[in-house]
Amino acid sequence: MPELPEVETLRRKLDREVVGQAIARADLLTPSMFDGPCPVTDLVGATIEGTRRRAKYLIVDLSNGLSLIFHLGLAGQIVLEKPDAQRVVGGHPIPRYSAPLPHKQTHLVLTFGNDDVLFMTDIRKFGHIWLTPTPKVYDIIPDERRGPEIQSAAFTPEEFRRILRARPRAKLKPLLLDQSTVAGLGNIYVDESLWGARLHPLQTPGQLTDEEIDRLHRSIREVIDLAVEKGVAEIVNNRAVEGSHLPRVHGREGLPCPHCGSPIVRFRVVGRSTYVCEQCQGVRE
DNA sequence: AACTACTCCTGGAGGC
DNA sequence: TGCCTCCAGGAGTAGT
């Protein structure tokens with residue numbers, strides 16, 4: 001599932017390819033995946049000036065004063081195909097990045113002046129695409145519903161403590177999945193962060209010392225930095241890929257904890273599969 | 001404040 | 001091989 005690291009690594013790869021390119025053609029194959037307020041035809045003729053990311057949203061700023069926004073949902077994927085058939089890929093790995101395109105799950109196709117073609121696909125259609133005037137990007141992504149960016153200077157231990165202390169009785173897992181706490185975490189990286197901080201998903205901020213909250217803050221930063229710089233978590237069919245450096249607990253039920261060797265346990269929290277090492281993180285309920 | 005339930009969607013896995 | 005059922009979950013909203 002594309003979380004912050006998946007979207008950010010995709011953005012960086014894409015940025016190198018598309019900035020400065022003009023959109024020669026835009027084909028919306030699945031109208032239900034798109035909301036304006038501007039029509040898709042407004043893309044044609046615009047040049048890409050830059051890319052940004054906020055939380056799990058990928059923002060593409062255009063020369064005509066508009067911005068194209070992608071949210072990849074659970075299974076969104078972007079493939080940029082070059083004329084020599086080389087592909088720059090990111091997002092959900094299914095269908096295989098090598099699949100012929102477009103296919104029936106392809107929803108938007110952008111053809112550039114240099115004959116590169118960008119395909120946005122999503123087998124579950126939980127993702128979405130918007131085209132809006134650049135000053136109105138945050139009407140689509142309301143800032144007051146997003147917490148701080150994890151890799152920004154605003155994400156300090158003090159700020160994180162303040163946010164958590166305001167929600168003393170919320171369980172850590174749903175709290176961290178809430179985008180208004182911290183922007184960009186999803187099910188996988190929440191499990192990884194809690195494991196790294198040796199905290200249990202059902203603990204609450206009210207039960208934590210300042211030192212423990214700082215430990216969680218540090219762990220979130222480390223996990224996200226590691227994923228963005230050294231490679232994102234690899235999961236196929238809900239299992240961690242053998243030998244991958246991430247995830248370390250998510251999708252590893254029954255396998256030894258990398259820290260202590262005890263078997264990783266899976267249970268449900270707010271309907272989400274949750275993985276813990278009970279030796280390192282404790283047992284609740 | 002904190003929680004649950006519900007909605008969107010469909011490929012893939014497992015049972016028989 | 002094939003039919004059926006369940007599971008995966010980001011984010012928004014509504015209801016308790």
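Residue numbers begin at 1 in each chain, while the letters A, B, ... track the order of the sequences.
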Roughly, in whole Å, what's the span from [atom1] in [X] to [atom2] in [N]?
{"X": "A:Leu74", "N": "B:dT7", "atom1": "CG", "atom2": "P", "answer": "17 Å"}
{"X": "A:Glu253", "N": "C:dC7", "atom1": "CD", "atom2": "C1'", "answer": "14 Å"}
{"X": "A:Leu176", "N": "B:dC3", "atom1": "CG", "atom2": "P", "answer": "12 Å"}
{"X": "A:Asn238", "N": "B:dG14", "atom1": "CG", "atom2": "C1'", "answer": "13 Å"}
{"X": "A:Lys171", "N": "B:dA2", "atom1": "NZ", "atom2": "P", "answer": "11 Å"}
{"X": "A:Leu172", "N": "B:dA2", "atom1": "CG", "atom2": "C1'", "answer": "14 Å"}
{"X": "A:Asp178", "N": "C:dG10", "atom1": "CG", "atom2": "P", "answer": "13 Å"}
{"X": "A:Tyr189", "N": "C:dG9", "atom1": "OH", "atom2": "C1'", "answer": "15 Å"}

query = Does the side chain of A:Ser193 come under 3.5 Å of the side chain of A:Ser219 through a donor N or O and an acceptor N or O?
reply = no
query = Is there a donor-acceptor contact under 3.5 Å linking the side chains of A:Ser180 and A:Arg145?
reply = no
key: Pair A:His200 and A:Phe267, ring centroids less than 6.0 Å apart   = yes
query = Taking the six-membered ring for Trp, is the centroid-to-centroid distance between A:Phe70 and A:His128 below 6.0 Å?
reply = no
Just wondering, do [Y] and [X] contact through their side chains at under 4.5 Å, heavy atoms?
{"X": "A:Ile235", "Y": "A:Pro247", "answer": "yes"}
{"X": "A:Met33", "Y": "A:Met120", "answer": "yes"}
{"X": "A:Ile220", "Y": "A:Phe160", "answer": "yes"}
{"X": "A:Arg52", "Y": "A:Asp61", "answer": "yes"}

task = Return the orientation label for the A:Trp195 and A:His259 ring planes: parallel under 30°, perpendicular over 60°, tilted otherwise.
result = perpendicular
List every contact pair, protein side and nucleotides 9-12 of chain B side both N or O, where the distance is under 3.5 Å.
{"unit_1": "B:dC9", "atom_1": "O4'", "unit_2": "A:Arg124", "atom_2": "O", "d": "3.1"}
{"unit_1": "B:dT10", "atom_1": "OP1", "unit_2": "A:Lys125", "atom_2": "NZ", "d": "3.3"}
{"unit_1": "B:dT10", "atom_1": "O4'", "unit_2": "A:Ile123", "atom_2": "O", "d": "3.3"}
{"unit_1": "B:dG11", "atom_1": "OP1", "unit_2": "A:Lys104", "atom_2": "NZ", "d": "3.4"}
{"unit_1": "B:dG11", "atom_1": "OP1", "unit_2": "A:Gln105", "atom_2": "NE2", "d": "3.0"}

query = Looking across every strand, which nucleic acid part, if any, lies under 4.0 Å from A:Pro168 by heavy atom: base, sugar-phosphate, or nothing?
reply = sugar-phosphate
message = Mind checking if A:Arg165 touches a base, just sugar-phosphate, or nothing, with heavy atoms under 4.0 Å?
response = nothing
query = What closest approach, in Å, do A:Leu72 and A:Gln77 show between heavy atoms, and which atom pair accounts for it?
reply = CD2-N, 4.1 Å
inquiry  = Output one letter per nucleotide in nucleotides 11-16 of chain C: B when a protein non-hydrogen atom lies under 4.0 Å from the base, S when only the sugar-phosphate is that close, - when neither is.
reply    = SSS---
note = In A:Lys56, A:Arg54, A:Arg221, the residue satisfying salt bridge (Lys or Arg N to Asp or Glu O under 4.0 Å) with A:Glu149 is A:Arg54
N/O to N/O distances under 3.5 Å, protein versus nucleotides 2-5 of chain C:
none

